[in-house]
2 protein chains.
Amino acid sequence: MASTALFAEIAALAGDPARAGMLHALMDGRALTATELARVAGVAPQTASGHLARMTAAGLIALQRQGRHRYFRLATPAVARMMESIMEVAADHAPPRRRFAVGPRDAALRKARTCYDHLAGELGVALADALVAGGYAELDAEAGIITATGIDFLGSIGIDLEAARARRPRATAHILCRPCLDWSERRPHLAGNVGKALCAHSFAHGWVRRIDGTRAVAITPKGHRAFHGEFGVRLG
Amino acid sequence: MASTALFAEIAALAGDPARAGMLHALMDGRALTATELARVAGVAPQTASGHLARMTAAGLIALQRQGRHRYFRLATPAVARMMESIMEVAADHAPPRRRFAVGPRDAALRKARTCYDHLAGELGVALADALVAGGYAELDAEAGIITATGIDFLGSIGIDLEAARARRPRATAHILCRPCLDWSERRPHLAGNVGKALCAHSFAHGWVRRIDGTRAVAITPKGHRAFHGEFGVRLG
DNA sequence: GCGATGCTTCGGCCATCGCCGTAACGTACG
DNA sequence: CGTACGTTACGGCGATGGCCGAAGCATCGC
């Protein structure tokens with residue numbers, strides 16, 4: 001079967017440490033320059049360039065020119081999902097390694113981070129739990145939905161999901177929503193279009209902001225108030 | 001971040017052609033011997049043995065001894081999901097290759113096959129479409145549910161999903177169900193616990209049977225009658 | 001026991017590929 | 001138009017790792 005060769009090609013591209021680091025850095029959904037990616041991968045710019053060319057040809061990442069810079073980003077959400085699923089398997093394998101040696105950066109990542117286009121970490125799980133507890137959502141490892149009252153609730157906050165509902169072939173009272181199992185909490189949280197909308201809203205209203213150039217995000221004072229007031233979520 | 005190294009390790013394991021072939025062969029959920037896997041991968045037994053040892057150590061596959069044979073199978077459903085997601089990305093990249101050169105084996109695979117623990121191919125998609133059309137299920141790329149009437153319908157056929165419903169923390173009228181986007185049809189079909197139950201039922205009642213040692217399955221005459229009578233599905 | 005089968009380990013060969021040096025190219029900016 | 005910066009192309013080095021031949025263990029059948 002020819003598809004096996006393609007499969008191996010994609011997996012091998014993701015399997016090189018330098019390329020994996022670059023893909024990891026792009027997991028926040030932003031676009032980075034070749035030089036930035038070279039730095040995070042710990043290789044020389046010319047080495048990074050070669051990697052980027054190969055991954056671009058394979059459709060893993062996409063290139064967009066802007067002035068004299070060339071910005072690279074993950075080509076499709078499918079690539080982000082692929083990486084999530086590999087990380088899930090890698091996390092299963094993690095135990096043999098030490099767990100306690102988490103630096104401050106890891107601590108920030110566990111607290112709150114973006115997972116391509118949605119929020120993850122303690123924050124992401126807490127928000128999902130709050131929605132489930134309030135009867136606004138149902139969620140397990142296989143699938144999730146936002147209930148009719150959940151759509152109204154999120155709408156009252158200013159997150160409009162009617163567009164997503166209208167896109168469904170048969171107008172139903174709820175919205176299907178993709179769950180995402182992340183490596184730090186080992187529990188599902190909101191992903192897909194709904195998670196993306198919630199994340200975008202959080203950034204737009206200054207509830208969270210990015211920490212330097214990583215995937216980690218910081219919860220602003222305003223965000224603490226909003227997450228507690230709207231969702232009943234309080235994070236130490 | 002240490003998790004990047006683990007990520008690369010897992011992806012690299014999946015990225016070797018020989019290992020990818022073995023993993024592919026195990027995607028039907030069965031357990032195969034080291035010799036069988038060596039044959040499908042096209043390498044000598046001793047080479048296969050090394051690959052299998054590495055993948056077992058990494059937690060990708062599991063070993064169960066049985067007499068003088070050693071049977072290998074995918075370690076967890078998470079590994080199968082990882083492979084599905086890689087195949088999805090690989091399929092996006094496929095266009096540059098020729099599409100028409102599908103041999104009889106590929107044709108059988110496209111018609112009906114198992115995808116780890118559930119049915120895929122034309123058959124899998126047709127069954128999912130039939131359930132959606134009958135109001136028994138809702139399904140999109142992000143998530144899926146089996147409706148209350150769907151639970152009753154499947155129950156009337158003999159597929160009991162009450163256990164799955166009872167497992168849910170809050171007893172609801174429906175069951176969340178994982179969708180799976182497969183490479184040949186490019187459309188979602190039923191996976192997860194529900195897809196697994198439907199597949200198991202189909203095998204148990206002789207509706208489908210495996211074709212030699214591949215992932216492809218053949219629909220029996222009895223199966224044609226059942227799929228048409230129960231689901232309204234008719235496949236040429 | 002003895003041979004046969006299935007699997008694993010060891011040793012050495014070979015190819016692939018990641019890496020960086022140097023150098024050339026193209027595009028913005030002064 | 002020249003400089004500077006970012007990116008790409010080429011060549012050679014080095015190491016990782018896949019591959020098989022041969023030999024060593026284990027298990028089953030006679």
Side-chain angles (χ1 to χ4, degrees), chain A residues 4-26 30-73 75 93 213, chain B residues 4-26 30-75 213:
Chain A
T4 301
L6 279 171
F7 172 98
E9 187 179 330
I10 299 295
L13 281 172
D16 175 76
R19 288 191 292 262
M22 295 179 184
L23 291 171
H24 236 82
L26 294 173
R30 289 178 306 171
L32 301 176
T33 66
T35 303
E36 288 174 314
L37 288 169
R39 189 175 47 76
V40 301
V43 296
Q46 57 272 38
T47 301
S49 178
H51 286 312
L52 292 168
R54 289 182 60 183
M55 288 194 286
T56 302
L60 287 181
I61 59 181
L63 159 67
Q64 50 194 38
R65 294 181 155 81
Q66 197 170 104
R68 93 172 115 185
H69 293 282
R70 309 170 71 125
Y71 286 94
F72 294 90
R73 58 177 174 78
H93 173 45
Chain B
T4 302
L6 279 171
F7 173 96
E9 186 179 330
I10 299 296
L13 281 173
D16 175 77
R19 287 192 293 260
M22 295 179 184
L23 290 171
H24 236 82
L26 294 173
R30 289 179 306 169
L32 302 177
T33 66
T35 304
E36 288 173 315
L37 288 168
R39 188 175 47 77
V40 300
V43 296
Q46 59 271 33
T47 302
S49 177
H51 286 313
L52 291 168
R54 289 183 59 183
M55 289 194 286
T56 302
L60 287 182
I61 59 180
L63 158 67
Q64 49 195 40
R65 293 179 157 81
Q66 199 171 101
R68 86 173 120 183
H69 294 281
R70 310 195 150 190
Y71 286 93
F72 295 89
R73 59 176 173 79
L74 296 189

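None of these values were measured; they are calculated from a predicted model. So that the names make sense, note that chain A is the first sequence line, chain B the second, and so on, each numbered from 1.
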Enter the distance from L13(A):CG to M22(A):CE here, rounded to the nearest 0.5 Å. 12.0 Å
Distance check needed: dT8(C) P versus H69(B) NE2, whole Å only. 13 Å
So do T4(B) and L23(A) actually touch side chain to side chain, heavy atoms under 4.5 Å? no
Hey, which of these two, A18(A) or E36(B), hits DNA chain C nearer its 5' end, going by closest nucleotide? E36(B)
Rounding to a whole Å, what distance do you find between Q64(A):CD and dT7(D):P? 14 Å
In whole Å, I'd like the distance from the CG atom of L13(A) to the P atom of dT16(C). 17 Å
From CZ of R19(A) across to P of dC17(C) the rounded distance in Å is 9 Å
Proximity to DNA chain C (any heavy atom under 4.0 Å), residues of residues 40-57 of chain A only: V43(A), A44(A), Q46(A), T47(A), H51(A), R54(A)
Rounded to whole Å, CG of D16(B) lies from P of dT16(C) at a distance of 13 Å
Could you name each residue pair satisfying side-chain hydrogen bond (donor to acceptor under 3.5 Å, both in side chains) that touches residues 31-50 of chain A, not counting sequence neighbours? T33(A)-E36(A)
Quick one: CD1 on I61(B) to CG on L37(B), what's the gap to the nearest 0.5 Å? 7.0 Å
How many angstroms lie between atom CZ of R54(A) and atom NE2 of H51(A), to the nearest 0.5 angstrom? 7.5 Å
Taking the side chain of T35(A) as heavy atoms from C-beta outward, which of dT8(C), dG6(D), dC19(C) is closest to it? dG6(D)
Between G21(B) and V40(B), which heavy-atom pair has the shortest distance, and what is it? O-CG2, 4.4 Å
For DNA chain C, stems built from three or more consecutive Watson-Crick or G-U wobble pairs below 3.5 Å: C:1-30 with D:1-30
Closer than 4.0 Å, any side-chain N/O of R70(B) to the OP1 or OP2 of dT8(C)? yes
Locate the shortest heavy-atom distance separating F7(B) from A14(A); write the atom from each residue and the value. CE2-O, 3.5 Å
Where is the tightest heavy-atom contact between A8(B) and A20(A), given as atom of each residue plus distance? CB-CB, 3.8 Å
How many Å lie between CZ on R39(A) and P on dC5(D), as a whole number? 17 Å
Rounded to the nearest 0.5 Å, how far does CG of L63(B) lie from CE of M55(B)? 12.0 Å
When the distance from CG of L63(A) to P of dG6(D) is rounded to whole Å, what number comes out? 16 Å
